[in-house]
Amino acid sequence: MKFEINIAIMLTCVLFLSGCSNQKVIEWNGKTEYYHVTMVYDETNIYEVAGQVDYIFLGTVDEVLDNVVDYNTSNSMDAYSRYAITVEENLKGELIKNIECYRHGGYLSDGTLLYPRSDRIENTRDIPQEGKTYIFMAFGQSDGELILEEFMGDIEYTDEGQKEMYIDYIENEIPKAQEGFISKYDVNYNN
């Protein structure tokens, strides 16, 4: 009996201490801070953005895996939020159903939203939320990951007409000069 009590106490301590680890998901405190980016394409021209990205799809955020960012570290992956997403419909490219995407920006450890701004545009909306559906625009990366476009990468999906607009952007896109990368979530990856 004493052995079982000791095991129960130890498990309780382990669970308690694991809850004290670095927080991966925090809430917005109402403050926003911007960092400046210089884009090689016109981020206000959605036809050009559609031509730059490798994937455009409707997706639902299943889980916010990490939304705390740190720009003062040498690990570049600390500058991204990360999401588990169910692909509802592929509009450009073909992704499998369950994927993960990264997004520049997120929340600083105090809850301040850190988002990009350029000379032409700045984000004024919140980062993706669990349970909501978005039109995502993403770049395949050389390591197979997916990174959402900085400004148009996560537009909340509201109606069928919005999807039709994006199909027009894709059909009339301004193509990029160089070849993109195929994501490890692409149905043709490893084929």
Side-chain angles (χ1 to χ4, degrees), residues 25 27-28 32 34-35 37 39-67 69 79-107 113-118 120-141 144-189:
V25 178
E27 304 239 349
W28 187 35
T32 303
Y34 291 96
Y35 63 93
V37 295
M39 307 299 284
V40 296
Y41 55 90
D42 181 358
E43 63 275 14
T44 64
N45 182 341
I46 301 180
Y47 293 102
E48 193 167 347
V49 176
Q52 296 297 308
V53 298
D54 301 303
Y55 301 94
I56 300 176
F57 58 97
L58 290 175
T60 302
V61 177
D62 297 320
E63 183 179 359
V64 177
L65 300 169
D66 186 356
N67 69 1
V69 296
Y80 294 92
S81 296
R82 188 168 54 102
Y83 305 92
I85 297 171
T86 297
V87 175
E88 307 294 344
E89 183 177 354
N90 287 295
L91 303 177
K92 178 181 179 180
E94 279 191 77
L95 297 169
I96 62 175
K97 187 143 185 86
N98 297 304
I99 65 172
E100 286 185 14
C101 282
Y102 289 85
R103 172 179 229 318
H104 286 103
Y107 297 110
L113 178 61
L114 183 66
Y115 239 15
R117 151 178 85 208
S118 75
R120 297 182 185 117
I121 193 171
E122 70 182 31
N123 281 332
T124 56
R125 53 185 200 285
D126 200 358
I127 60 177
Q129 304 296 308
E130 286 183 16
K132 291 188 177 184
T133 302
Y134 297 84
I135 296 179
F136 289 107
M137 301 175 83
F139 298 99
Q141 301 296 296
E145 297 296 348
L146 282 173
I147 294 184
L148 299 175
E149 198 275 337
E150 284 81 359
F151 297 99
M152 303 293 172
D154 54 4
I155 304 296
E156 190 171 358
Y157 181 65
T158 55
D159 62 45
E160 192 71 20
Q162 187 181 23
K163 182 176 85 171
E164 295 304 316
M165 284 187 338
Y166 275 81
I167 290 171
D168 178 61
Y169 299 145
I170 295 164
E171 289 173 350
N172 297 292
E173 69 183 34
I174 300 169
K176 63 181 166 183
Q178 76 273 1
E179 187 76 23
F181 294 103
I182 188 167
S183 170
K184 66 184 178 184
Y185 300 109
D186 193 290
V187 296
N188 297 309
Y189 189 72

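It should be emphasised that the depicted structure is a prediction, and the values quoted were computed from it without experimental measurement.
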Checking E89 now: which residues fulfil side chain to side chain donor-acceptor pair (under 3.5 Å) with it, not counting sequence neighbours? K163

May I ask you to check whether over 12 heavy atoms, not counting those of E94, lie within 6.0 Å of atom CD? no

Does atom CD (E164) have a neighbourhood of more than 12 heavy atoms from anything else shown, all under 6.0 Å? yes

For E156, what residues pass the side chain to side chain donor-acceptor pair (under 3.5 Å) criterion, not counting sequence neighbours? none

Taking side chain to side chain donor-acceptor pair (under 3.5 Å) as the test, write out the residues that go with Q141, two or more places apart. none

Distance-only side-chain donor-acceptor flag, T60 / E88, under 3.5 Å: yes

Among all residues two or more places apart in sequence or in another chain, which pass the ring pair (Phe, Tyr, Trp, His ring centres under 6.0 Å) test with Y134? F136

Is the side chain of Y55 donor-acceptor paired with the backbone N or O of S183 at a distance under 3.5 Å, no angle test? yes

More than 12 heavy atoms of other residues, nucleotides or ligands under 6.0 Å from NZ of K132: yes or no? no

Report yes or no: does E173 contribute a side-chain atom to a donor-acceptor pair with the main-chain N or O of Y47 at less than 3.5 Å? no

Please confirm whether the backbone N or O of I85 pairs with a side-chain atom of K97, one donor and one acceptor, at under 3.5 Å? no

Looking just at side-chain N and O atoms, do D154 and Y83 make a donor-acceptor pair shorter than 3.5 Å? no

Check whether N98 reaches the backbone of T86 with its side chain - one donor and one acceptor, N or O, closer than 3.5 Å. no

Within the side chain of K184, is there an N or O that forms a donor-acceptor pair under 3.5 Å with the backbone of Y189? no

Does any pair with a residue in residues 48-63 pass salt bridge (charged side-chain N to carboxylate O under 4.0 Å, His left out), and if so which ones, sequence neighbours excluded? D54-K176

Residue set satisfying ring pair (Phe, Tyr, Trp, His ring centres under 6.0 Å) with Y166, at least two apart, ordered chain then number -> Y169

Polar side-chain atom of R82 near backbone of R103 as donor-acceptor pair, under 3.5 Å: no

